[in-house]
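For reference, the structure discussed in these notes is given below.
Order of the sequence lines fixes the chain letters, A, B, ..., with proteins taken first and strands second; residue numbering starts at 1 for each chain. Quantities reported herein were computed from a predicted structural model and do not represent experimental measurements.
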Amino acid sequence: MFEAIIELARGMGITLKHFFQPPVTIQYPEIKRPVRNRFKGRHELKRYDNGLERCIGCSLCAAACPADAIFVEAAENTDEQRFSPGERYARVYEINMLRCIFCGYCEDACPTQAIVLEHNYELSFYDRQSAIYTKDMLIVDVPVNGRPTPQTVEPGVFNRAIPEMENPK
Amino acid sequence: MTIGQIALWGLVVGFIMSMVVITGFAYTTLLERKVLARMQARVGPNRAGYIPFPTRTGREKKLLAGFMQPAADAVKLFFKEDPTPAKADWLVYNLAPMLAVIPAILILAVIPWAGKIPGLVPEQYNYFAIVPGLNVAVLFILAVTSISVYGVVLAGWASNSKYAVLGGIRASAQMISYELAMSLSVLIPVMLANSMDMGVIVEAQKGHWYVFLQPVAAIIFSIAALAELQRAPFDLLEAEQELSAGFNVEYAGMRFGMFFMAEYMKMISLSAIAATLFFGGYRGPFVDQIPVLGFVYLFLKIFIGLFLMIWIRATFPRLRYDQLMLFGWKVLLPVSVINFMIVAVFIVLAAEGVFAPIANFFGF
Amino acid sequence: MNPDEVIVSEIEKAFPEAIEEVSEFRGERTLYIRKADLKSVCQFLRDQQSLQYNFLTDICADDMLPEFPRFAVNYQLYSIPRNHRIRLRVRVEDPEDGPETVGSIWAIGTWLEMEVWDLMGVRFKGNTSLRRLFLPEDWQGFPLRKDYPLGYEEVQFSFNFDEINAKKPHATKD
Amino acid sequence: MGVEQKLGNLGVVTYRLEDLVNWGRTNAMWPILFGLACCAIEMMGSQAASYDASRFGMELNRPSPRQSDLMIVAGRVTRKMAPVVRRLYDQMPEPKWVIAMGDCASCGGVFNNYAIVQGVDEIIPVDVYVGGCPPRPEALLDGIMSLHEKIRNEKLGDWA
Amino acid sequence: MTLSAGGDAIQELTLEELRNKVGTGMEIEDAEEHMLLSMGPQHPSTHGVLRLLVELDGETVVNLAPDIGFLHTGIEKNMEAKTFTKALVMTDRMDYLSPMSNNLGYILAVEKLLGVEATPRAQAIRVILTEMQRVASHLVWLGTSALDLAAMSVFLYCFREREYILDVFEMVAGHRMMVSYFRPGGLWRDVPEEFETAVRQFLDFMPAKIADYEALLKNNPIFLGRAKGVGVISAEDAISWGLTGGSLRGSGVNYDVRKANPYSGYEQYDFDVPLETDGDVYARYRVRMEEMRQSLRIIEQALNKLPDGPIQIDNRKIVPPPRAELGRSMEAVIHHFKLWTEGFNAPEGFVYQAIESPRGEFGVYLRGNGGSKPARVHFRAPSYVNLAALPKLSKNLFVADVVAIIGSIDIVLGEIDR
């Protein structure tokens with residue numbers, strides 16, 4: 001009987017201890033906890049420093065996607081109208097964000113590191129149509145020293161589709 | 001003062017006090033949410049309403065963040081559709097929430113809030129209450145608290161839902177079991193003070209609270225009061241994990257809000273009663289010189305009572321139905337009967353002068 | 001003798017014709033048991049003191065389309081005292097005429113067979129509780145069979161959004 | 001519901017009332033205690049100490065649909081579950097809102113097969129879709145913010 | 001009865017239809033006097049979308065039958081339509097409280113089918129992460145089952161600690177829950193540098209937290225009253241009903257796949273298998289609490305002797321080449337394209353691989369037919385099997401006990417229904 005009361009009091013001690021500890025809550029909309037480096041959030045289509053798109057329209061991401069959430073339609077590059085190095089570029093690049101499960105397979109499969117899962121996780125939509133991200137929404141801004149695509153370039157410079165890359169961290 | 005004047009005075013005071021307690025009820029919900037949150041390492045409601053307070057850094061500080069939360073709840077509940085289930089008993093279904101709320105308010109009538117405040121209390125009475133000087137106040141409390149069980153039972157029955165019926169049945173069984181222990185423990189201050197008038201009981205505790213004289217009765221009363229209130233760990237009738245929401249499962253909108261209201265108002269009033277019967281009521285240091293302090297002391301004691309209830313809720317698991325009944329009938333009731341008899345014998349013997357030295361010591 | 005060989009010889013002693021075939025793949029021994037003998041073999045494996053396969057781990061059916069016989073049912077047995085696993089495999093030609101239930105040998109058998117029935121449609125003789133378990137009661141067909149369609153819906157992109165949207169039902173408040 | 005049918009369009013008065021009501025609704029939105037699959041765990045996570053949805057007055061998870069305002073469809077809705085979801089939705093009194101949390105609830109997600117309803121909007125009207133598989137608790141809170149934004153623009157007359 | 005969906009349906013059925021309704025063939029003793037209660041699929045204590053059909057005599061359970069399938073996702077069928085690697089993401093979403101364990105079970109089965117074995121470093125990291133997952137899963141179990149008994153603070157404390165584990169998962173795999181971190185032949189990437197400090201910190205603070213939970217529950221008389229002697233199952237019955245994991249060990253049967261059939265190098269680590277003999281809710285509680293401590297032990301040992309070396313096997317037919325090679329070697333590009341479009345081919349044959357998931361023996365039956373997609377995947381889901389014993393466990397007890405028992409057998413509906 002006496003022990004029982006001691007045990008009950010012990011439990012109450014634990015809750016009281018927490019009462020005087022600061023709460024662990026992160027006040028979300030005002031304070032955002034930074035996500036980890038590898039976090040897989042909303043995708044972005046990257047560009048090279050000169051403004052050319054990294055995506056070469058190979059559709060490997062679409063093939064690797066377990067949810068079939070990516071749709072790519074490629075078109076031919078020319079030196080007058082060059083979007084990306086190599087032969088082809090993605091004319092249409094769409095991701096259905098409500099199908100995407102953020103597994104990162106597309107990022108692994110991409111041979112040019114064009115598609116990268118970045119750190120934005122705030123994906124709320126009022127309707128399903130707006131969850132389909134087109135290429136304009138996915139692609140990053142042209143870097144400071146770059147030119148917007150399509151570019152007119154000298155022939156024979158950008159033949160190589162797959163660049164030299166480092167292993168990801 | 002004439003009878004009529006006293007009645008009018010009672011009405012006015014009653015209205016004011018009810019309003020105070022209804023506001024108090026709203027903030028008790030907030031208190032519960034906040035304290036629970038802090039005990040669980042959270043923050044609790046802090047978005048609805050705040051007082052902006054400019055700081056030197058430019059970013060304004062939010063004082064009392066969340067203090068409008070009860071208002072938001074109320075507004076939402078008022079503007080919520082309030083359907084009556086098709087197969088429910090319409091009259092009883094709508095009557096039940098009122099039956100739950102009215103007794104909770106009625107109990108307030110006999111609680112002495114403060115001592116004799118000149119100019120506020122009619123001169124023939126010694127303390128400030130809505131109905132001062134009621135010489136059966138304790139009986140009144142017992143009677144009224146047992147009415148409130150009807151609200152719950154009828155709500156459970158009228159909803160025509162199995163969970164609600166189970167909740168209602170549990171409620172009636174629980175109330176009956178704990179009513180006895182509670183009554184017996186309430187009688188002990190009555191016997192000690194030799195009066196059923198709440199004000200007399202408070203005055204009799206001058207210098208020695210009954211909790212020190214009779215800790216057993218005080219503990220039994222607190223446990224039984226928790227059970228009467230259907231608070232954790234005795235909240236079987238709305239046991240979320242077993243019966244979804246128990247008796248109020250079919251209630252929506254403000255009718256559901258009324259059950260909420262009843263529960264929290266009873267929390268306040270039973271804290272007040274416990275404070276009055278065992279913890280010296282409105283009494284405290286300097287209360288004789290400055291009678292208004294009585295309000296402060298009583299509110300403080302009520303607050304401590306509420307905090308304890310919330311604390312218990314944050315910590316303990318819930319009892320099982322049979323364990324609850326066993327505890328009520330096999331532990332609380334015998335203990336309170338024996339305690340009652342011992343106290344009775346002691347009082348008689350003391351009156352006979354057998355324990356005169358001891359009795360003098362305790363101030364009988 | 002290692003445990004794998006013990007079990008084969010013991011069964012052959014007791015039921016000379018029960019074992020149709022013994023196969024081994026990645027160190028796992030599979031005994032192909034004649035359908036008619038399955039229940040008695042199971043009973044034997046559990047009760048024989050030198051075997052004690054007291055733990056029925058899993059029952060799982062396999063659709064071998066286009067092979068024949070088309071279905072196979074696997075019984076994963078495990079002996080807790082001897083720490084040894086064995087797999088019994090029964091070939092089933094007609095799913096309506098499956099092996100006998102092992103529910104009386106291991107209590108869990110009935111429950112595991114229900115899953116096989118619901119998803120693969122192999123009926124176990126003597127199991128009276130074969131009902132729709134995972135799927136709604138009025139479901140037609142057995143989804144894990146190879147000839148059952150996956151039920152794929154085209155993923156919506158902007159070029160086909162309206163087309164697919166028109167096919168989908170749209171709920172309203174009432 | 002109650003008062004708003006009788007009020008009609010009274011200009012300024014209803015405008016103010018509208019603000020008050022919408023304020024109340026956004027700040028005291030009680031979700032139904034209803035989880036389906038993986039997302040339900042993240043939904044519980046958003047209620048838990050680190051994210052604490054109670055800050056928005058949302059910790060009163062009501063187990064009864066009668067007392068709840070918001071249905072968070074957290075997880076995949078199967079063909080067997082679909083009638084149940086619809087029924088729960090019907091049992092909720094007006095006004096009520098629905099958040100389709102995660103991919104499976106929004107459109108079936110990776111489970112593009114016979115068993116899963118390809119989007120809960122085939123059964124019940126959805127107000128906000130939250131992407132992610134499952135969405136982080138923050139993403140769910142962001143969805144709730146979006147819903148609040150939507151509610152602030154609602155007119156009382158829409159509900160009458 | 002309007003609350004729980006399906007509730008009305010009961011009243012509309014005839015007795016005969018009712019008897020045939022639920023899979024286990026629920027018997028109804030007295031349809032006139034007893035009450036038939038439908039708990040779920042939307043019910044706070046069914047841990048998901050389980051529906052229980054309960055015949056009640058007052059508050060006493062006369063008969064009980066689980067009705068499942070409200071979360072039947074068709075995972076096994078869907079996996080047959082994807083390559084081995086792509087099918088991996090499905091396993092995450094099965095037992096959503098322990099995706100790492102599911103991944104491990106499936107990946108080990110794939111590796112067994114292919115006849116390869118992961119590198120020592122990959123194996124050690126797998127062990128660390130699955131044991132952390134076990135702690136996380138047990139934390140959710142503890143929190144929810146305590147919440148079932150209305151001890152609400154425990155729930156929030158448990159989720160607070162779980163958040164830390166999820167943060168570590170996010171650090172290594174980029175996703176809090178659906179990690180897909182183990183890949184055929186190794187891991188997705190090596191763990192980042194800060195991983196070790198994070199895990200060590202976890203090992204430092206966790207024992208004190210476990211002590212806190214125990215202070216709230218272990219000897220609390222109310223909890224003891226709710227847990228002791230409730231839902232008893234004997235060792236023999238537990239074996240016959242196929243229980244595994246904490247539920248089996250609570251009955252005193254010493255069977256843990258990590259000890260019986262070690263995988264991923266579990267034989268190198270020194271840990272105990274906690275056993276209790278009472279077979280009741282309290283015994284299962286004690287076992288799982290002790291399991292958390294043992295998991296911490298394993299994590300510490302694995303971390304202390306974490307070997308260096310590659311995290312993937314060097315087989316280009318299975319593992320895609322490192323990214324740095326793509327720009328230099330044509331062969332690498334071909335392998336890369338081949339593996340991400342078509343995947344690798346597995347030989348013909350079938351394997352069964354069991355691991356000890358937080359809920360018990362999680363088994364994967366995998367058949368390959370020479371192609372790049374699994375011909376048949378079947379999961380031996382421990383929750384599914386454990387659930388079958390629920391009617392037996394809860395016979396003649398109270399409704400409130402049923403709630404406690406469901407908590408104690410630790411089921412996850414996503415795994416039951418798959």
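Looking at E:R176, only its side chain comes within 4.5 Å of chain D, counting heavy atoms on both sides. Heavy atoms closer than 4.5 Å to chain D are found in the side chain of E:F155, but not in its backbone. If you measure heavy-atom distances from D:F111 to chain E, the contacts under 4.5 Å come from both the backbone and the side chain. The contact between D:I41 and chain E is made by backbone and side chain atoms together, counting heavy-atom distances below 4.5 Å. In this structure, no portion of D:D52 lies under 4.5 Å from any heavy atom of chain E. Within the 4.5 angstrom heavy-atom criterion, atoms from both the backbone and the side chain of D:A37 approach chain E.
Between the D:T78 side chain and the E:H72 main chain, no donor and acceptor come within less than 3.5 Å of each other.
The shortest side-chain heavy-atom distance between E:M177 and D:C39 does not fall under the 4.5 Å cut-off. Considering only heavy atoms from C-beta on, E:V49 comes within 4.5 Å of D:M81 through its side chain. In this structure the side chain of E:F159 never reaches within 4.5 angstrom of the side chain of D:Q47, judged on heavy atoms.
Taking SG from D:C104 and CZ from E:R93, the interatomic distance works out to 7.5 Å, rounded to the nearest 0.5 Å. Expressed to the nearest 0.5 Å, how far CG of E:L71 lies from CG of D:L36 amounts to 6.5 Å. Atom OH of E:Y164 and atom OG of D:S50 lie 12.5 Å apart (nearest 0.5 Å). The CG atom of E:N78 sits 7.5 Å away from atom CG of D:N112, with the distance rounded to the nearest 0.5 Å. In this structure, CD in D:E42 is found 6.5 Å from CG in E:L166, a value given to the nearest 0.5 Å.
Of the listed residues (E:K82, E:M90, E:R160), the one with the most heavy-atom contacts under 4.5 Å to chain D is E:M90. Counting heavy-atom pairs closer than 4.5 Å to chain E, the top-ranked of the candidates D:G35, D:P134, D:A82, D:G75 is D:P134.
Contact detail for E:G74 and D:A115: the closest heavy-atom pair is N-CB, 4.1 Å. Among all heavy-atom pairs drawn from D:N113 and E:T73, the shortest one is ND2-O, 2.8 Å. Listed here is the closest heavy atom pair of D:C133 and E:M178: O-CG, 3.5 Å.
Comment: D:K80 engages E:D67 in a salt bridge, judged by a side-chain N to carboxylate O separation of less than 4.0 angstrom.
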